[in-house]
Amino acid sequence: QVQLMEAGGGSVQAGGSLELSCVASTPISPGSDYCLAWFRDSPGKRREFVASIDSDADGRTRFSDSAKGRFGISLERAKNTAYLKMNNLRPDDSGAYLCAADPGAWVCGIRPSDYSIWGQGTRVTAFS
């Protein structure tokens, strides 16, 4: 079974940057497309979509309104690794960031229930 492992979280001053990585233990969906997304868990809020990327040649991406313009998502399919680059971090970006995969997906969703494979999360704290 595919395992996802996030890394790169930490504590940074507001305005700083972090790059998270998500490494899959094996190819997520050999021979077919998949979606890779990042979600955030934070106290008092439901799991929140942050960004997604399609593994196909178009590499379509989607961002939450708060992430748009500040975050970037990328995928190195050959290395089974995805990244979330977070710039100009704000305190309300803080939380546990989880990567998730939807093997064989044709369209990348924004609901947690759209994804079937999850990492354990890496914590991000941006402080003022």
Inset, instruction - Before giving the answer on side-chain contact (heavy atoms from CB on, under 4.5 Å), spell out for L4 and V23 the whole-Å C-alpha distance, their side-chain angles and the decisive distance to 0.1 Å. - result: CA-CA 6 Å; L4 303 179; V23 181; over 6 Å; no
Inset, instruction - Indicate the atoms forming the closest heavy-atom contact of S128 with P91, along with that distance. - result: OG-CG, 3.2 Å
Inset, instruction - Mind listing the closest non-hydrogen atom pair of V124 and M86 along with its distance? - result: CG2-CE, 3.7 Å
Legend entry - pair P103-Y115: side-chain heavy atoms closer than 4.5 Å: no
Inset, instruction - Considering non-hydrogen atoms only, spot the tightest contact between C35 and A105 and give its length. - result: SG-CB, 3.6 Å
Legend entry - Non-hydrogen atoms of G95 and S42 that approach each other most closely: CA-CB, 4.4 Å
Legend entry - Reported CD1-to-CZ distance for the pair I28 and R77, which is rounded to 0.5 angstrom: 8.5 Å
Legend entry - Shared hydrophobic cluster, F63 / I53 (ILVMFWY, side-chain heavy atoms < 4.5 Å): yes
Legend entry - Distance (rounded to the nearest 0.5 Å) between R70 CZ and N87 CG: 9.0 Å
Legend entry - Shared hydrophobic cluster, F49 / I117 (ILVMFWY, side-chain heavy atoms < 4.5 Å): no
Legend entry - Separation of R47 CZ from R111 CZ (nearest 0.5 Å): 15.5 Å
Inset, instruction - Find out if a path of hydrophobic residues (ILVMFWY) with successive side-chain heavy-atom gaps under 4.5 Å connects V50 to V12. - result: yes
Legend entry - Transitive ILVMFWY side-chain link L75 to V2, under 4.5 Å: yes
Inset, instruction - Apply side-chain contact (heavy atoms from CB on, under 4.5 Å) to the pair L98 and W38, showing each step before the final yes or no. - result: CA-CA 6 Å; L98 300 89; W38 291 90; over 6 Å; no
Inset, instruction - First locate atom OG of S21, then atom NZ of K79, and finally report the distance between them rounded to the nearest 0.5 Å. - result: 11.5 Å
Inset, instruction - Determine yes or no for a side-chain-to-main-chain donor-acceptor pair under 3.5 angstrom, with T122 supplying the side chain and Y97 the backbone. - result: no
Legend entry - Interatomic distance, Y83 atom OH to I73 atom CD1 [nearest 0.5 angstrom]: 12.5 Å
Inset, instruction - For the pair T125 (side chain) and S11 (backbone), establish whether a donor and an acceptor sit closer than 3.5 Å, ignoring hydrogens and angles. - result: no
Legend entry - NZ/NE/NH1/NH2 to OD/OE distance under 4.0 Å, R46 and D41: no
Inset, instruction - Kindly indicate whether the side chain of D54, heavy atoms from C-beta on, has any atom under 4.5 Å from the side chain of D33. - result: yes
Legend entry - Closest approach of G104 to S29 (non-hydrogen atoms, all atoms of both residues): N-OG, 3.4 Å
Legend entry - Chi angles and distances behind the salt bridge (charged side-chain N to carboxylate O under 4.0 Å, His left out) call for R40, E48: CA-CA 5 Å; R40 178 175 62 237; E48 182 179 18; 2.6 Å; yes
Legend entry - Spatial distance of atom CD (E6) from atom SG (C99) [nearest 0.5 Å]: 4.0 Å
Inset, instruction - Give the C-alpha distance, both sets of side-chain angles, the deciding distance and a yes or no for side-chain contact (heavy atoms from CB on, under 4.5 Å) between F127 and Q13. - result: CA-CA 5 Å; F127 58 90; Q13 193 165 30; 3.9 Å; yes
Inset, instruction - Run the ring-centre check on W118 versus F39 and record whether the distance is less than 6.0 Å. - result: yes
Legend entry - Minimum-distance pair of heavy atoms, taken over all atoms of D114 and I110: OD2-N, 3.3 Å
Legend entry - Residue pair D93, F71: steps toward the side-chain contact (heavy atoms from CB on, under 4.5 Å) verdict: CA-CA 11 Å; D93 294 321; F71 292 6; 3.9 Å; yes
Inset, instruction - Evaluate whether atom CZ of R90 has more than 12 neighbouring non-hydrogen atoms of other residues, nucleotides or ligands under 6.0 angstrom away. - result: yes
